[in-house]
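Letters A, B, ... are given to chains in the order of the sequence lines, protein chains preceding strands, and every chain is numbered from 1. Just so you know, these numbers come straight off a predicted model, no measurement behind them.
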Amino acid sequence: MRVRLLDIAHARSGDKGDTANVGLIALRPEWYDILARHVTTQRVAEHFIGMIDGGVERFELPNLRALNFLLHGALDGGGTLSLKTDAQGKVYSTALLRMTIDVPDGEGKSLGLPPAP
Amino acid sequence: VKSIVTVAAGQGFWGDSLDAPRQQVENGPTDYLMLDYLAEVTMSILQKQKERDPNLGYARDFIGAIESVLPAITDRGVRVIANAGGVNPAACARSVLAAAANRGASGRLRIGVVTGDDLLPRLDELVQAGEKFANMDTGEPLTTVRERVLSANAYIGSRPIVEALAGGANVVVTGRSTDTALTMAPLRYEFGWTDDEWDCLAAGIVAGHIIECGAQCSGGNCLFDWQHIPDLANVGYPLVQASPDGSFVVTKHPGTGGRVSVPSVTEQLVYEMGDPRSYITPDVVADFTTIQLQQDGANRVRVSGIRGRPPTEFLKVSIAYRAGFKAVGTLVYAWPEAMAKAELADRVLRERLDRLGLRFDHILTEFVGVSATHGALSGGAADVPEVQLRIGVRAEDRAAVERFTREIAPLVLNGPPSVTGFAGGRPKVEEIVAYWPALVSKKVIRTNVEIMT
């Protein structure tokens with residue numbers, strides 16, 4: 001079953017210099033494990049190919065049912081140096097929500113995951 | 001010791017709602033009003049203002065904010081804590097005192113002025129004493145930009161604010177305090193938390209992080225269920241109601257719009273987050289993986305369980321330096337084939353800049369409406385009704401950037417068709433003031449508190 005992050009998570013992002021952060025938060029507590037298993041550092045780095053120059057770091061916050069990603073080299077230099085519309089990475093969060101993941105059908109159904117449209 | 005201390009946030013950055021401070025003291029009870037005015041680059045803007053006029057260099061909106069809450073301070077004992085002092089906290093305090101006197105409140109304010117964060121006058125002396133100020137992101141030495149430095153400020157913690165409150169200040173004005181210290185300090189002062197009560201100090205920092213961006217934790221900019229967040233026009237700014245053990249409730253005044261919920265608070269907790277196990281502040285290192293949130297009735301979120309550990313031997317320093325010039329120009333291209341027209345205009349413009357022999361450190365083209373924020377993920381421009389072409393340039397040479405700004409408007413008549421949206425006129429050339437994050441040893445920083453009346 002293919003699932004879109006937009007349908008199982010919400011998110012907010014911000015900046016530190018040329019790094020954008022994306023906090024990805026499960027819409028239901030029981031969906032956190034799905035995020036933790038499927039939204040890997042590797043997958044996120046592949047998702048953002050062409051948009052970021054540096055690496056990706058991932059941190060887990062099971063207490064908040066959230067993952068935090070640092071996207072390095074994401075902001076065209078960042079801060080006042082950046083020429084980007086989104087110089088402070090405010091909406092990088094929404095770009096991550098476009099990602100889809102493949103979850104085994106049985107597990108997806110038992111957790112009530114909405115299939116991608 | 002009070003059993004509950006309330007801190008209300010009335011400003012999330014310089015430029016936030018002018019009415020929020022007054023609403024925070026009028027729509028319900030609070031003990032403290034916390035106003036955060038400083039972003040990373042704000043200090044350098046203020047430094048430029050101070051160079052032009054030695055009586056400036058602070059957040060001038062703060063004077064109006066104090067005027068709007070004056071009765072709450074003088075008659076109801078609400079105390080105000082703000083980092084509005086910028087690079088000139090004493091001048092800020094003098095202006096506040098003059099404004100209060102004009103409103104018949106002479107002698108009613110005791111302003112605690114916190115200084116010691118400004119390292120600009122000491123920069124070379126500190127370098128000679130062995131402080132490196134290497135760029136935390138790139139490792140480059142300060143000598144790379146030393147001649148172009150405009151301001152240098154250490155992020156200072158809660159102690160001098162606590163000292164000012166203990167000295168009887170009903171208004172505390174700081175320069176570059178950490179945003180979170182503005183909330184943690186009054187809790188520490190009221191509850192008598194000592195230097196090594198790491199969990200309580202960390203809880204105060206987390207409380208500060210949640211409310212330092214104003215309404216961004218109470219329904220503003222909240223993606224979760226945004227379609228149904230009620231009455232954003234009358235959004236309530238957040239309050240923290242803290243207990244002596246460090247647990248606290250995030251809420252807002254009754255009768256206001258917005259929403260305080262576990263999702264709205266969680267979104268703010270992850271905002272600008274780095275390593276969640278190590279949220280480093282001058283007073284304590286807070287561990288965000290220990291935070292427990294629980295909905296505690298409508299628009300109330302209980303926060304508990306927070307653990308902290310001792311801080312590092314360093315303070316972060318925010319250095320601002322001149323880094324050349326930039327300008328951004330835009331034009332809008334309409335259907336049919338809006339994207340193809342915008343792409344052609346971009347090629348034409350770049351070729352003209354080349355023929356003029358202009359050299360830029362960087363040129364960036366974006367297609368707003370197609371790919372500016374989501375890049376290739378957005379899936380193309382098939383049949384879009386319009387595209388905004390947005391081109392930015394950056395260079396050390398002001399003249400090159402200036403010449404670029406003259407090349408946008410001509411495209412309206414001598415470039416691809418169906419173009420509009422140029423009524424704003426020629427783009428403005430901006431001097432870039434860039435940010436240089438560094439560290440400094442705590443032992444060389446001396447803060448000072450003066451009470452002005």
Side-chain angles (χ1 to χ4, degrees), chain A residues 6 9-29 47-52 54 57-70 72-74 76-99, chain B residues 40-41 44 135-138 213 216 221-226 262-263 265-277 288-293 305 320 323-324 326-328 362-366 368 372-379 388 390-394 430-435 437:
Chain A
L6 176 66
H10 60 122
R12 178 172 293 178
S13 52
D15 69 319
K16 275 280 180 284
D18 197 21
T19 297
N21 96 291
V22 177
L24 182 71
I25 308 154
L27 284 178
R28 294 190 195 163
H47 185 71
F48 284 116
I49 282 175
M51 285 179 74
I52 67 174
E57 286 182 89
R58 186 182 105 142
F59 301 94
E60 297 179 2
L61 293 104
N63 55 318
L64 301 179
R65 282 88 183 186
L67 300 172
N68 185 41
F69 294 93
L70 298 184
H72 297 293
D76 189 44
T80 50
L81 283 168
S82 176
L83 298 173
K84 279 173 75 74
T85 298
D86 192 22
Q88 293 175 301
K90 298 277 186 189
V91 299
Y92 253 95
S93 47
T94 59
L96 180 59
L97 294 175
R98 286 178 177 275
M99 185 194 280
Chain B
E40 281 165 354
V41 183
S44 58
N135 187 305
M136 283 172 75
D137 294 336
T138 65
C213 295
Q216 204 176 220
N221 191 27
C222 183
L223 182 60
F224 180 85
D225 194 37
W226 65 271
V262 169
V265 171
T266 305
E267 283 194 21
Q268 176 57 22
L269 278 171
V270 299
Y271 177 65
E272 291 183 343
M273 179 183 278
D275 178 349
R277 291 159 303 198
F288 276 40
T289 67
T290 60
I291 300 169
Q292 297 298 325
L293 302 180
K326 68 177 176 182
V328 174
H362 189 40
I363 305 180
L364 182 76
T365 303
E366 290 183 324
V368 179
T373 60
H374 285 197
L377 294 168
S378 58
Q388 185 189 57
R390 184 179 183 279
I391 304 183
V393 300
R394 191 171 77 212
E430 253 187 281
E431 183 173 21
I432 301 171
V433 176
Y435 174 66

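Contact count versus chain B (heavy atoms, under 4.5 Å) is highest, among A:G78, A:S93, A:G23, A:G17, for A:G23. If you tally non-hydrogen atom pairs under 4.5 Å between each of B:D275, B:V262, B:N221 and chain A, the highest count goes to B:D275. With chain A as partner, the option from B:A372, B:P263, B:G379 having the largest number of non-hydrogen pairs under 4.5 angstrom is B:P263.
Proximity to chain B involves both the backbone and the side chain of A:K84, based on heavy atoms less than 4.5 angstrom apart. If you measure heavy-atom distances from B:T290 to chain A, the contacts under 4.5 Å come from the backbone alone. Of the two parts of B:V393, only the backbone, made up of N, CA, C and O, holds a non-hydrogen atom closer than 4.5 Å to a non-hydrogen atom of chain A. With a 4.5 angstrom heavy-atom cutoff, B:L377 touches chain A via backbone and side-chain atoms both. Contact of B:R394 with chain A is made through backbone and side chain together, with heavy-atom distances under 4.5 Å. For B:L269, the part sitting under 4.5 Å from any heavy atom of chain A is the side chain, from C-beta outward, and nothing else. Contacts between B:E267 and chain A at a heavy-atom distance below 4.5 Å involve backbone atoms as well as side-chain atoms. Within the 4.5 angstrom heavy-atom criterion, only side-chain atoms of A:I25, from C-beta onward, approach chain B. At a 4.5 Å heavy-atom cutoff, B:E430 makes no contact with chain A through either its backbone or its side chain.
Residues satisfying the salt bridge (Lys or Arg N to Asp or Glu O under 4.0 Å) test with A:E60, not counting sequence neighbours, are A:R58.
You'll find the side chain of B:L364 reaches within 4.5 Å of the side chain of A:D76, heavy atoms only.
With rounding to the nearest 0.5 Å, the separation of CE in B:M273 from CG in A:N68 is 5.5 Å.
Counting only distance, with no hydrogens or angles, the side chain of A:R12 and the backbone of B:T266 share no donor-acceptor pair below 3.5 Å.
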